[in-house]
Amino acid sequence: MVAEHKPVLRAPYYADPEDGTMIHRYLEEDFVTRHLQAMQQGGLQGNRAQTWRFEDRFADDKTLPWLRLPVHRTFYMVSCETVCDTFGNPPFNPQNITSAGFVVRRRDGGRWLQLNGVAQGWQAATPNQDDPDYARQLRRQKLIRPRLPEPLLSGEETYPLHAQLVTATAADGRQRKHTLLYGFLPLSGSVANELLEKRASVDYFVDTLPWPFGRQDQINHEVLVWRRGDGHVMQNGVPEPALLKLINQLLSRYQLLDNAVTANKALYDFFTGVHFYRLPDRSRYQQTRQKLAQVAQRCGGLAEALALFPLGNAAETIAALKIQQRSVPGLAYPDFAEADDFAAARLTADTTQALQWLAGVSTLAKSILPNPTAHAALSALLSGINSADASLHALQSYLSDSGNFKLQSLQNYFDSNKAALLTKASSDEDVADLFVNVAADSQLFFNEAQAMRLRELLFERSAAQTKEYVDSLQIPRYQQNTGDIYYIKPFVRYLDPHGCEQIVWGGNSEPFRVAAPFDPEASRPQAIQMPKLSDLKRGLAKGATFVAPKDLAEKLKTIGMEMPPTEKSGNSFGLEWIISFSLPVITICAMLLLMIVLNLLNLFFQWLPYAITLIPKPK
């Protein structure tokens, strides 16, 4: 039906104009019926007459009213009035309303959004007076066609308001009609991805590990630069604190040693490629270097001996010997600071160069063997060449065998010491002994690429674990932080004279806060009738009933009721059992046991008996 006038939403006729949208509190479960009766009979009141607004002010904030939750057996109804935007403000015809509702918003501008019916949580939005449903916005703008069935809600979550035409009698006896809108305010809702987005956005996992695995020991917002030696996390069997914290977190938090956790496969493969090392023997390098130096000295001695007898091409031979003397290889012991230092090419490069140099000296020495004048010096040179060549080949063979210094992988160490590691990882005092079975000369290295890859794997594992946890954890919609202040804003949809759907927004309600489920001031006591002793004698009240499978029933049947406890024969028939408990009797037994315990503890804690309040009930 097309409306002739534009509707206007305002405070109900029974409230002050500045009250805006009204919130009515009810403490009975039939609150809807109570509200409809009060609305028809004119029993609703404005804000000034509602004492609960001043009584329900809990916690540290006494400036705003607190709304309780349904768990407190408290319910709220929303109410406002719609009139025509014309002279005299007559009531708006309820038949001209296509739909009406309200939204709950945060005072800081946050709106509770949904996407295809799935809650997205509180998100900031620009203030506008458009339709809260994105699909309706696009239809009204002629951008999409109407669809049947309606698509799932995408936009701000709304709650329905119902129109009711009522007749109210004024103080002078005159009667006037009013179109009231009313609806239930559900204080519920949750979101599953808010915590995950917050924790993943700040890469929170890196704050729990030191460098090079995290940034716990770094200055905030500092650009971290890899320096040579940062990856040397174990020296001579002594691990660095960063490595201990990493292993402790892998074992205790990510359960790396549990083969059933398939999410650890990438980490498992990574640590399989990380090995302990034993540094190559420094004395081997020193001895071989000394022998090469002796060959160089003998080259010089031979050159001096040949200079005394300039025969044939001796001049060229002398020059070649002096060049060989000056080009002796360094063969320096490498600075082992990262895993890349153990590459075979890097370790054997100097040895190969020394062998090539020695082969050149040997060829040159053999070319002057016929010269008898250099016999003594040449013999010493050939002896030195043979000794140095044997030492170089021994060093090359030693370096080419990675088993001489590349020990077991880190993952193999985890697997072989699983029981001891699990015991120590659960205690902060034993963390320092995580590598007690590692040899005293073992080294452990990470290069920059490995450290980067490990941080990526930790981030993926941490995000996956957080997602698993958050998917099963619903974050409440209404919380009790300082900025968690809310208000209600109603709206009405109607058809204008051209047949197009339009929307009109009303005034805000009074700001309010929402109490926590465990708030002691918001909680209301619940009376539970206990049975009389005569009722117990007549039989046990039926209570909770459980069905025990065959294997569980067989185990339960072996427990005897005698004192001391004895073990009986099991479930010989192999049947399932139905077990029923009398909750009143169990409650009485629990109360008796609690009173005994409280009296015993009263010897040390004088206040414990006040945990139970005994109040006589008048007849």
Side-chain angles (χ1 to χ4, degrees), residues 203 205-219 222-257 264 266-280 282 333-343 346-347 402 404-418 420-422 424-462:
D203 299 348
F205 78 99
V206 298
D207 294 325
T208 62
L209 292 174
W211 183 256
F213 311 117
R215 62 184 180 195
Q216 182 187 47
D217 54 349
Q218 305 296 321
I219 302 176
E222 180 185 8
V223 178
L224 303 179
V225 179
W226 184 270
R227 295 179 176 83
R228 181 173 173 81
D230 285 351
H232 202 167
V233 294
M234 176 181 285
Q235 302 184 41
N236 298 321
V238 179
E240 298 292 333
L243 179 62
L244 293 175
K245 290 188 177 181
L246 170 67
I247 303 305
N248 188 37
Q249 187 174 109
L250 290 171
L251 300 182
S252 59
R253 180 177 181 181
Y254 300 126
Q255 306 298 318
L256 185 64
L257 298 182
N264 289 330
L267 285 171
Y268 188 96
D269 295 340
F270 174 82
F271 287 111
T272 302
V274 178
H275 291 78
F276 294 101
Y277 292 94
R278 180 183 294 115
L279 294 183
R282 184 185 296 267
Y333 187 78
D335 179 18
F336 296 102
E338 297 190 10
D340 288 343
D341 297 335
F342 288 94
R346 177 181 177 88
L347 288 172
S402 62
N404 290 324
F405 52 87
K406 187 175 181 180
L407 308 177
Q408 65 176 337
S409 70
L410 191 55
Q411 187 62 49
N412 288 338
Y413 175 78
F414 291 157
D415 295 337
S416 59
N417 297 273
K418 182 175 181 179
L421 287 174
L422 290 177
K424 295 174 181 178
S426 61
S427 173
D428 293 337
E429 298 178 356
D430 296 333
V431 169
D433 296 331
L434 284 173
F435 294 95
V436 67
N437 293 328
V438 173
D441 57 348
S442 295
Q443 319 289 323
L444 191 59
F445 304 89
F446 287 86
N447 58 27
E448 183 176 7
Q450 287 177 322
M452 176 68 74
R453 177 57 180 161
L454 179 57
R455 289 194 293 269
E456 292 174 352
L457 293 176
L458 288 175
F459 172 77
E460 294 171 0
R461 183 69 180 90
S462 173

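Counting from 1, the numbers follow the sequence of the chain as shown.
Looking at heavy atoms from C-beta onward, Val274 lies in side-chain contact with Leu444 at the 4.5 angstrom threshold. The shortest distance between side-chain heavy atoms of Leu256 and Gln411 falls below 4.5 Å. Taking the side chain as every heavy atom from C-beta outward, Leu458 and Leu250 approach each other to under 4.5 Å. With contacts defined as side-chain heavy-atom distances shorter than 4.5 Å, the pair Phe270/Gln450 qualifies. Considering only heavy atoms from C-beta on, Val233 stays 4.5 Å or farther from Leu246 through its side chain.
A search for side-chain contact (heavy atoms from CB on, under 4.5 Å) contacts involving Asn236 returns Gln443, not counting sequence neighbours. In this structure, the side-chain contact (heavy atoms from CB on, under 4.5 Å) partners of Gln255, at least two apart in sequence or on a different chain, are Asp258, Val261. The side-chain hydrogen bond (donor to acceptor under 3.5 Å, both in side chains) check on Thr272 picks up nothing, with sequence neighbours excluded. Residues that satisfy the side-chain contact (heavy atoms from CB on, under 4.5 Å) test with Ala439, not counting sequence neighbours, are Asp441, Ser442. For Asp415, there are no salt bridge (Lys or Arg N to Asp or Glu O under 4.0 Å) partners at least two apart in sequence or on another chain. For Arg227, the side-chain contact (heavy atoms from CB on, under 4.5 Å) criterion is met by Asp230, not counting sequence neighbours.
In plain terms, the two heavy atoms of Pro239 and Leu243 that are nearest each other are CB-CD2, 3.9 Å. Ala451 approaches Trp226 most closely through the heavy-atom pair CB-CZ3, 3.6 Å. For Ala339 against Phe445, the heavy-atom pair with the smallest separation is N-CB, 3.3 Å. Across Tyr333 and Pro280, no two heavy atoms sit closer than the pair OH-O, 2.5 Å. Listed here is the closest heavy atom pair of Leu434 and Leu421: O-CD2, 3.2 Å.
For the atom pair Gln235 CD and Glu240 CD, the distance stands at 5.5 Å (nearest 0.5 Å). Rounded to the nearest 0.5 angstrom, Met452 CE and Asn447 CG are separated by 11.0 Å. Separation of atoms NE2 (His232) and CZ (Phe446) is listed at 11.5 Å; rounding is to 0.5 Å. For the atom pair Asn412 CG and Asn417 CG, the distance stands at 10.5 Å (nearest 0.5 Å). For the atom pair CG of Leu267 and OH of Tyr254, the computed distance is 8.5 Å after rounding to the nearest 0.5 Å. In this structure, CG in Leu209 is found 4.5 Å from CD in Gln249, a value given to the nearest 0.5 Å.
Tyr277 and Phe405 have parallel rings, their planes meeting at less than 30° on a 0 to 90° scale where 60° marks the start of perpendicular. Between Phe271 and Phe414, the two ring planes are perpendicular [angle over 60°; tilted spans 30° to 60°]. Tyr413 and Phe276 have perpendicular rings, their planes meeting at more than 60° on a 0 to 90° scale where under 30° would count as parallel.
With hydrogens and angles disregarded, no donor-acceptor distance shorter than 3.5 Å links the side chain of Lys245 to the backbone of Pro210. For Arg455 (side chain) and Pro212 (main-chain N/O), a donor-acceptor pair under 3.5 Å exists by modelled atom type.
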